[in-house]
Amino acid sequence: MARIVRVARSTSLFGFGSRFYSTSAEVTSGVSHASPFLHGGGARKDAARDRNVQWVFLGCPGVGKGTYASRLSSLLGVPHIATGDLVREELASSGPLSQQLSEIVNQGKLVSDEIIVNLLSKRLEAGEAKGESGFILDGFPRTMRQAEILGDVTDIDLVVNLKLPEEVLVDKCLGRRTCNQCGKGFNIAHINLKGENGKPGISMDPLLPPPQCMSKLITRADDTEEVVKARLRIYNETSQPLEEYYRSKGKLMEFDLPGGIPESWPRLLEALRLDDYEEKQSAVA
Ligand SMILES: Nc1ncnc2c1ncn2[C@@H]1O[C@H](COP(=O)(O)OP(=O)(O)O)[C@@H](O)[C@H]1O
């Protein structure tokens with residue numbers, strides 16, 4: 001642990017976090033509470049802290065963290081930083097870490113805390129140099145150590161925990177496709193889970209690519225059934241304690257996705273008290 005903390009302290013993650021560090025801990029603990037990020041009629045900067053939001057998205061592989069984190073980042077004007085993307089960029093770069101990472105990722109295992117903190121630090125440093133502030137983190141933290149490191153260096157305002165029934169997660173991962181030209185993500189899975197034992201059913205239409213992307217779709221190497229099942233098992237073992245950790249700090253907002261994007265996006269905005277955000281933004285512009 002000491003070594004990992006030293007990694008965080010000796011990297012820009014520490015510098016980045018400390019610059020925005022705040023002791024104020026006004027948080028939301030559930031969907032019925034008002035978002036703390038809409039002081040004074042709603043602005044992407046939290047006026048009290050003079051910085052942009054610092055949110056974390058938790059959730060099992062395939063739940064849609066990337067989709068909703070990326071939409072919110074466009075809405076709020078903060079970077080969406082997905083550690084899985086940082087790992088894939090490193091893999092594609094054929095740099096010194098590439099071989100080591102590919103073995104880990106292709107077995108569905110977690111990359112070491114040290115490597116992931118370093119990748120994240122570099123990303124934050126590059127963003128800071130470009131004038132970025134705030135973030136929506138997707139895929140980090142994934143272990144208690146990572147959460148402790150993050151907590152040491154910066155203040156997280158809100159942790160959104162997205163949830164879907166376990167039965168649909170494998171199908172959703174297997175249906176994922178990315179256009180290798182425009183980089184957009186799609187999903188070809190048709191989900192239709194019937195309600196049972198008092199649990200509501202769930203149906204999700206596929207998110208199909210436009211014709212120009214159709215012939216350029218790629219599937220992630222780690223989205224095979226075997227690897228997805230390993231990732232789900234590892235998530236349940238290592239990441240679920242994070243829910244308890246953030247719940248105990250009063251920062252966790254649980255969100256059961258009611259279906260696909262058309263049903264879920266407006267409900268998520270409502271839960272975050274961001275449903276009239278765009279209107280308010282244009283009114284003050
Ligand atoms: N915070 C992290 N800690 C350790 N490994 C990570 C982390 N984020 C991403 N990875 C590695 O990158 C892989 C892909 O991550 P991601 O795209 O977030 O996938 P998932 O669909 O499993 O949420 C993970 O299986 C893991 O090997």
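Since the model is a prediction, treat every value here as computed from it, not as a measurement. Whatever order the structure lists ligands and atoms in, that order sets their numbers, starting from 1.
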If we only count N/O pairs under 3.5 Å, is [X] in contact with ligand 1?
X    : value
V111 : yes
D138 : no
D222 : no

Between N161 and E254, is a side-chain hydrogen bond (donor to acceptor under 3.5 Å, both in side chains) present by the stated rule, with each step listed?
CA-CA 5 Å; N161 188 26; E254 307 272 11; 2.9 Å; yes
Starting from [atom], what is the nearest protein heavy atom, named by residue and atom, and what distance separates them?
atom                    : answer
atom 22 (O) of ligand 1 : R231 NE, 2.7 Å
atom 8 (N) of ligand 1  : T83 OG1, 2.9 Å
atom 1 (N) of ligand 1  : G139 O, 2.8 Å
atom 24 (C) of ligand 1 : R142 NH2, 4.0 Å
atom 27 (O) of ligand 1 : K109 O, 2.6 Å

Minimal non-hydrogen separation, [X] against [Y], with atom names:
X    : Y    : value
E132 : P79  : OE1-CG, 3.3 Å
F186 : L207 : CB-O, 3.1 Å
T219 : R176 : CG2-O, 4.1 Å
G59  : K65  : O-NZ, 2.8 Å

Any chance [atom1] of [X] has more than 12 other-residue heavy atoms, nucleotides or ligands included, within less than 6.0 Å?
X    : atom1 : answer
K216 : NZ    : yes
R267 : CZ    : no
Q212 : CD    : yes

Counting from 1, what ligand 1 atoms have a heavy atom of [X] closer than 4.0 Å?
X    : answer
F140 : 1 (N)
Q146 : 1 (N), 2 (C), 3 (N), 4 (C)
R220 : 14 (C), 16 (P), 17 (O), 19 (O), 20 (P), 21 (O)
R88  : 14 (C), 17 (O)

Is R176 in contact with ligand 1, taking contact as a heavy-atom separation below 4.0 Å?
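Yes, R176 has a heavy atom closer than 4.0 Å to ligand 1.
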Do any heavy atoms of I104 fall under 4.0 Å from ligand 1?
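Outside the 4.0 Å threshold, so no.
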So between V87, I116, L110, whose heavy atom ends up nearest atom 2 (C) of ligand 1?
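When every heavy atom of V87, I116, L110 is considered, I116 comes closest to atom 2 (C) of ligand 1.
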Of V159, L268, L58, which is the lone residue that meets side-chain contact (heavy atoms from CB on, under 4.5 Å) with M253?
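With M253 as partner, side-chain contact (heavy atoms from CB on, under 4.5 Å) holds for just one option, L268.
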Are any side-chain N or O atoms of R231 and backbone N or O atoms of D222, one a donor and one an acceptor, separated by less than 3.5 Å?
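Yes, the answer is positive, given that a donor and an acceptor are paired below the 3.5 Å cut-off.
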